[in-house]
Each structure stands twice: as C-alpha cells, then as structure tokens.
Amino acid sequence: MNKIKRHIAVVAVGAFFLSGMKAESHLHDAKEKRDYAVEIDARKSKPIHMKLVALGEKTSNYEAVCEAFVRALLYTDQFTVDVEYKNEKPKKQEVQEYKKSGYSWVVFLDHNTHEHSYEWRLYDTAKAVMQKGFRVPQEGKVSRGWGYALADSFISATTNNKPFACSKLAYCETTKKGESIVWVADFDGSHEQILSRSKRQILASSWNRDPENPLVMYSKYTSCNIQLISCSLDKSEVVASSFDGLNMQPAFSQDGKEVVVCLSRDGSSQLYHYGFNKKLNKVGYTRLTYNAGNNFGPTFLDNGDLVFCSDFELGKPHLYYLDRKADAIERLTEGNSCTSAQYSSLNGKIVYSKMVEGTMQLFLYDLDNKKEKQVTFDPVHKQECAWSACGNYIAYVAQDGDKTKRIMAHSLLTGKKKYLTPADKVCSYPSWSTVYSSLPIVA
Amino acid sequence: MLLWQRRNSDFFPRTIFIQRYFLGSVVCHFIVIFALFFLNKDKQHDFFLDLSKNVPSMAQVRLLPLSMAKPTGSQVIGSKKSAKKGKLPAVPLVKRKNKTSVKPLTTVMQQKKNAPVKKIKDAKSKKKIVSKATDLKKKNKAAEIKDNKQDQIELINKEDKQVEKIVEKPQEVVEKEKPHEIIQEKVVIEESGGSALSSTAEGQEYLYLTKHELEAFTVGQKLRDCLFDVWTVPLGVPSSAACEVAITIGWDGVILATDFVKKSGILMYDLSVQETLEQVHFPHEMWGKQITVVFKP
C-alpha cells in the first residue's frame with residue numbers, strides 16, 4: 001500500500017506540474033491574441049467615382065440643374081460624376097450592382113414639385129445604405145443656381161469644405177480697341193455677362209460683402225481723376241468717391257459695415273477709413289496712414305486691423321500690418337517686392353504675390369506663425385490674387401509674356417490650376433464674391 | 001500467505017506495468033518540458049528585417065534581441081570585413097592613414113626646436129657671437145619669410161588646380177597648405193574618424209527589440225502592406241484627418257465586426273476607409289485577432 005501511495009503521490013505531483021505548464025502556455029497563447037495597433041499613412045489618392053441618378057421627368061430645367069450640379073463637383077477635382085436619368089428609384093440590388101461598374105457612391109436627385117425643392121440622397125454601393133441627404137429650396141429664378149446650391153450642400157456634407165458654387169466672379173477686360181469691360185460670371189468663369197463697358201480705362205474691380213445687395217466696385221479714369229464707381233447688377237452706376245487723384249481699391253470689413261479706400265488727394269496714395277468718426281462725431285473719411293510712400297491694396301482682418309502694401313520704408317512694396325487701436329505699423333514681409341495682399345477669414349491666411357528669381361509667385365502668410373509659404377513655382381507671373389468664397393481657391397492674373405493675361409484659379413486642396421477666362425481675352429483684377437442664397441445675374 | 005495478505009500486484013500484474021509505464025512517461029515529459037522552458041530559454045536568434053521605410057535616415061537596420069551582445073566589426077554589414085565575406089558592398093568610409101604615419105604634436109615642436117637656430121642653443125658662445133647674432137637673426141627671419149611666401153604661392157596654385165581633389169582627399173590638401181598646422185589637423189581628423197568607426201559604421205543603425213515587439217512589428221508591416229494595396233485616399237482631405245477603427249477578425253480571415261473608435265468627421269474619408277475594409281484580405285497572422293488601425297491621409 002505504501003508503494004501504491006507513493007506512486008499515486010508522484011502521479012499527482014506530476015499531473016499538477018503538467019497542468020501548471022499547460023496553463024502557462026495557455027496564458028502565452030492568450031497574450032498572443034492581444035490587440036495590435038497600427039498606423040497607416042496613405043500612399044495614393046484619387047477622386048471619388050460616383051453616379052448621379054436623376055429621378056423624374058427629364059425637362060430642360062432639370063437638365064440645367066443636373067449640369068450645374070455636376071460642373072460644380074467636377075470643379076473641385078475631388079469627384080468624377082456620371083449622370084443617368086430614371087423614372088423610378090432603383091432597388092437595393094440595383095444599387096449594389098453599381099459597385100461592379102466601379103462606382104463608390106450613388107447620389108439620387110429628386111425634384112419635389114409640391115414643395116419647390118430639390119433633394120439629394122447619398123448611398124454607398126457596398127451596402128446600399130443611405131449615408132446622407134439634403135433638401136434645397138428653389139430660390140431665385142435661375143435654374144443653374146439651384147444646381148449650384150445642391151452642389152454646395154453636397155460638398156459641405158461630404159468634404160466639410162465651405163460652399164463656393166453660389167458665388168460670382170468679376171474681372172476687367174481690355175479689348176484690342178482699348179475698350180474696358182467689366183465682366184460678371186459664375187464661380188468658374190462660365191456664363192459671363194457684361195456689367196459695364198467704357199472707352200475710358202476701368203480697373204481694380206471688387207465685390208462688396210453684402211449678400212443681400214451685391215455691388216461691384218471699380219475705378220474709372222476721367223479727364224481729371226480716377227473715380228471710384230459702385231455698380232449694382234442692374235447696371236446702375238453710382239460715383240462712390242471722386243477726390244483729386246486716384247480713388248481705388250475699397251476694402252470691406254467682415255461684417256460689411258466698414259470701408260477703407262486708397263486716396264491720393266494729399267499727394268501719395270494713403271489709406272482712408274470711411275465711417276463714423278467718434279472724435280468728430282460724424283460720418284466721413286479718416287486718414288489712417290501718414291507717410292511719404294504709396295500705400296495701397298488694403299484688406300481687413302477679423303479683428304478690424306488692416307494689412308496693406310506700401311513702399312514708404314524700403315522703396316519697394318512690402319506688406320504691413322496696421323494696428324488700429326495702437327496706431328502702429330509693423331512690416332510682415334522681407335526680401336523682394338510683395339503686392340496684392342488679401343486676407344481670408346475662413347483659413348486665417350493672407351495671399352499675396354512676391355518676386356522670386358524674376359517671377360512673381362503666390363505666397364501664403366500665416367498670421368499665427370508669422371511665416372510665409374510659397375504656393376506656386378511655375379515660371380509665369382502671378383499678380384492681383386483673390387480668395388474664393390470657401391477659402392480653398394486663389395484666383396490670379398497669369399501673365400506669360402507681354403500680351404497674354406488670363407485669370408487662373410489655383411486649388412489649395414489638390415494643387416491643380418484652371419483657366420477661368422478664354423485665351424483671346426486680356427483680363428485682370430479678378431474678384432470672387434461671397435456666397436448668395438439665390439444666384440444673382442446681371443439684368 | 002492468506003488472501004488478504006497478498007498484494008494487488010500478485011493479482012494484477014498488468015496494473016503494475018501500466019502504473020510504471022505511466023510514471024515513466026510522466027518523468028520523460030517532465031524532463032522535456034524542463035529543457036524547453038528553462039534550458040533553451042536564452043537561445044539567441046538572429047533576425048533581419050528591412051525597416052528602411054520606417055527609419056527616417058533610410059538606413060538599413062539590424063534587429064537584435066535584447067539578450068544579444070553588441071556585434072563586432074566583422075558582423076556589421078557595410079564594414080570592410082563583412083564585405084570580404086560576400087555580404088553587402090562596403091560603404092565608403094572616411095579614409096585614414098596608418099597610425100604609423102601619425103606625427104603627434106610633440107614632433108612638431110621638436111621639429112621647430114631642431115630648426116637651424118644654432119645660436120640660441122650655444123650658451124657659451126653667446127658673448128662672442130652677440131654682435132653677429134642680430135645679423136643672423138635677421139637673415140633667418142628673412143629666410144623664414146621667404147619660405148612662408150613660397151609656401152603660400154604654392155598653396156594658392158595648388159588650390160586652383162586641385163579644387164575637386166580637395167573634396168575627395170581633404171587630408172592631402174591640408175598637408176600641402178600649412179605644413180606645421182597640418183599635422184595638428186591630421187590628428188583631429190584621425191581621432192574623429194577613429195571614433196566613428198568604433199561606435200557605429202556609416203549608414204548603420206541598431207534597434208533592440210524584444211520577441212513580442214518584433215512579432216508585433218512584423219505583423220504590423222504585413223498589415224500595412226495589405227492595406228496599402230487597397231486603400232486610396234480621396235483628394236483634398238486635410239492632413240490632420242485621422243480615422244481609428246477597431247477590427248475583429250475571425251479564425252477564417254473574415255471580418256466579424258468593425259467599430260469606428262474615432263471618425264475623422266469627413267464623410268468621404270470615413271466612407272473610403274469603410275470601402276477599404278470591405279475589400280482587404282488580412283494576412284494569416286491576423287486571423288482570430290482584434291486590430292486597431294489608424295488611417296491617416
């Protein structure tokens with residue numbers, strides 16, 4: 001019996017030991033099942049290929065809406081769109097079949113005639129599940145404006161970018177005969193219309209910031225001075241400023257209530273603020289700069305301060321920051337000449353042109369970091385730059401040689417450039433307006 | 001013997017055999033397990049993995065388990081010794097001369113002392129040669145000035161001719177320029193070159209990882225490769241966007257569940273990640289595991 005007990009004891013100890021070993025191995029296996037955390041950086045990018053299915057009867061208005069919607073999406077270079085017209089909404093299986101054709105998304109566009117609105121619904125082709133939808137009321141009389149509004153809502157919902165399609169582009173053209181024309185076009189330069197025409201030279205066109213009352217401001221040469229003209233879209237012109245010398249380049253504050261103008265009534269071009277003067281207790285012009293140089297191209301910042309170009313210090317134009325409360329001026333840029341500054345409140349940056357190796361290039365200045373960054377590098381002169389309504393595009397005049405002057409748009413999202421004006425026109429002073437609820441057109 | 005006095009083994013010889021067999025097997029198992037877990041624990045393994053994608057300097061990295069000692073010069077890839085063994089070609093290192101050709105500073109001073117200025121050494125003849133010493137000093141100074149001028153002229157001419165060679169062979173050019181100062185610079189160069197060789201070879205970096213970290217690293221690399229093939233980012237997405245997804249993979253490689261831990265807030269970006277996860281085929285090492293993947297544009 002003692003021997004048996006010994007055997008049993010040895011077996012028990014061995015079994016206990018083995019079970020302990022197995023438990024440890026189980027623990028080891030369990031550790032191997034722990035989570036792995038991995039970070040992945042993208043190697044390649046491409047636009048999203050999507051299908052636009054327009055439901056309902058194919059009318060001319062409906063076609064114009066679809067065409068405008070597609071054009072606005074294609075302008076961003078973030079989407080490639082194919083349009084299809086159908087009477088009935090396809091089923092889930094049909095939606096999933098689009099995936100085999102290479103479509104990542106399907107967007108259904110529907111016209112609600114009762115509520116005078118258009119609706120879009122986004123479905124992914126993998127699971128045919130609705131991801132997002134939006135209803136846009138029909139505002140205004142222009143059908144392509146409804147398409148732009150649809151595109152703005154779609155872009156905002158899918159990319160988190162601000163809308164831009166319902167804005168207008170204004171620019172000046174000098175014809176071969178010496179005539180000056182002010183054009184107003186859609187955001188991409190299409191559907192251009194003549195706003196003003198004169199045998200006297202017109203320059204420096206710009207928009208005001210009032211979304212309810214759009215106005216185009218420009219300077220026109222006269223026999224004795226350069227007047228500042230304000231023109232509404234029904235082509236009615238009003239002289240906004242007519243001092244001696246030049247009256248140019250009005251800059252509007254973010255709320256649209258303050259205006260700063262360049263006037264050379266006292267000799268060189270100085271900045272004047274038009275508004276209520278607390279000291280004098282009346283509305284009028286208040287001089288902001290007092291120097292012997294030329295001060296031009298003002299732009300308002302969010303806090304009410306100004307950034308402008310001046311050559312009073314170095315003899316060549318540079319950007320300066322005017323602190324209106326402290327009444328102090330600080331130079332922002334160094335090196336070569338810098339002109340055409342414009343601030344965007346959406347991204348907090350100033351775009352301007354700077355001479356680099358004999359070519360004017362576009363730069364971005366970050367007020368927070370106080371650093372500048374070159375945006376363009378091609379051997380074409382770029383000047384008179386302007387921000388888009390969404391803050392992702394920069395319009396500028398591309399001058400290659402003495403004769404060709406075309407307006408181009410540079411995308412900060414994709415780095416691509418597009419022409420906004422035809423090749424046979426000599427254009428300058430582009431200006432993008434704010435986004436309107438209903439697309440305005442020239443009467 | 002009475003019946004109750006007999007042992008079980010008399011009645012059941014088979015049970016004895018089975019018991020002894022079982023005990024013997026237990027003992028053998030015990031020995032094997034002991035050998036596996038204790039004797040073989042610190043066995044060294046050598047792993048090579050190309051981490052050039054993840055190392056900022058793009059240098060080839062050698063992974064060493066923690067228990068392994070620092071490698072010698074012959075084991076270092078890129079050194080001349082390993083190149084002789086038929087491994088990767090040797091990285092061109094800073095050339096250095098043999099130590100026997102080194103002339104330390106003291107020799108410079110000695111050379112200066114050995115210069116032919118006899119009158120300074122002979123103290124006894126100072127009085128006699130005082131009158132002539134000044135003349136000799138002047139002559140020696142003039143000779144030194146001439147020598148320096150000649151050297152400078154030679155140096156200028158040689159600098160113009162040998163501009164390219166200076167880049168490749170700095171030591172030789174330095175020698176010709178200033179003979180006395182050159183030796184000092186030689187010493188400096190050799191010291192820096194010697195220290196570089198002894199610490200790390202040029203273009204080589206070392207990463208010490210544990211076994212678990214190495215496994216996780218290799219698995220992560222395979223996961224990245226399979227996702228890179230499928231994932232394409234939409235254009236125009238800001239660089240700050242990031243999407244974190246927790247993926248549960250079944251034992252057959254099929255995705256059982258995907259949870260968006262943190263979305264980027266950009267619908268097109270999140271949908272592109274979702275589309276990627278539906279198309280991706282995970283490697284075998286990932287089956288039956290939970291993964292957290294952070295997608296960055």
Side-chain angles (χ1 to χ4, degrees), chain A residues 1 3-4 6-8 10-15 17-18 20-22 24-25 28-29 31-48 50 76-79 99 104-105 122 124-127 129 131-132 154-161 392 411-416, chain B residues 7-9 15-16 19-20 22-23 25-27 29-30 33-34 36-37 212 215-216 219-221 223-224 227-229 231-238 241-242 244 246-248 264-272 274-279 285-286 288-297:
Chain A
M1 287 300 288
K3 280 189 181 178
I4 293 169
R6 279 180 209 165
H7 289 318
I8 291 167
V10 169
V11 168
V13 168
F17 187 75
L18 282 172
M21 289 293 187
K22 280 185 181 177
E24 192 178 333
S25 65
H28 186 69
D29 291 335
K31 282 179 187 175
E32 284 184 347
K33 288 182 184 175
R34 65 181 179 278
D35 294 346
Y36 289 94
V38 178
E39 279 190 12
I40 292 176
D41 296 324
R43 275 187 185 172
K44 47 191 176 180
S45 60
K46 66 174 185 180
I48 292 176
M50 55 182 267
T76 63
D77 294 318
Q78 293 178 288
F79 304 95
K99 190 174 174 61
S104 302
W105 295 355
L122 170 65
D124 68 305
T125 53
K127 296 178 181 176
V129 174
Q131 300 292 333
K132 213 96 184 207
F154 183 83
I155 288 166
S156 300
T158 55
T159 66
N160 279 25
N161 290 328
N392 292 322
S411 170
L412 295 178
L413 299 174
T414 59
K416 294 184 181 178
Chain B
R7 296 172 295 181
N8 285 333
S9 59
T15 54
I16 295 167
Q19 284 175 3
R20 288 177 181 174
F22 183 69
L23 285 171
S25 68
V26 163
V27 169
H29 275 94
F30 177 76
I33 289 164
F34 179 78
L36 277 175
F37 281 94
H212 293 310
E215 287 171 9
V219 166
Q221 201 64 30
L223 183 63
R224 279 191 202 92
L227 284 169
F228 278 145
D229 295 333
W231 186 41
T232 52
V233 183
L235 283 171
V237 176
E244 190 173 337
I247 307 165
T248 305
S264 63
I266 302 170
L267 181 63
M268 65 191 298
Y269 189 72
D270 296 335
L271 286 178
S272 74
Q274 192 175 330
E275 190 181 343
T276 303
L277 295 176
E278 285 161 6
Q279 296 174 5
E285 290 84 349
M286 296 278 92
K289 291 189 175 115
Q290 279 187 333
I291 311 167
T292 303
V293 183
V294 180
F295 291 86
K296 291 183 178 179

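Residue numbers start from 1 in every chain, and the chains themselves are labelled A, B, ... in the order their sequence lines are given, proteins ahead of strands.
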Non-neighbouring partners of B:Thr276 that pass side-chain hydrogen bond (donor to acceptor under 3.5 Å, both in side chains), sequence neighbours left out: none
B:Leu271 vs A:Ile48, side-chain contact (heavy atoms from CB on, under 4.5 Å): CA-CA, chis, key distance, verdict: CA-CA 10 Å; B:Leu271 286 178; A:Ile48 292 176; over 6 Å; no
Contacting region of A:Leu122 [heavy-atom separation from chain B under 4.5 Å]: side chain
A:Ala126 versus B:Glu278, closest heavy-atom pair with distance: CB-OE1, 2.8 Å
Straight-line distance of A:Met50 CE to B:Met268 CE, nearest 0.5 Å: 10.0 Å
Heavy-atom proximity to chain A below 4.5 Å, by part of B:Pro234: both
Sequence-distant partners of A:Lys416, side-chain hydrogen bond (donor to acceptor under 3.5 Å, both in side chains), two or more places apart: none
CG-CG distance between B:Asp270 and A:Asp124, expressed to the nearest 0.5 angstrom: 12.0 Å
Residue, of A:Asn392, A:Thr159, A:Thr414, that accumulates the most heavy atom pairs under 4.5 Å with chain B: A:Thr159
Best-contacting candidate, A:Gly415, A:Ala157, A:Ser104, against chain B by heavy atom pairs under 4.5 angstrom: A:Ser104
Atom NZ of B:Lys296: over 12 foreign heavy atoms under 6.0 Å: no
Main-chain N/O of B:Leu235 paired with A:Asp77 side-chain donor or acceptor, under 3.5 Å: no
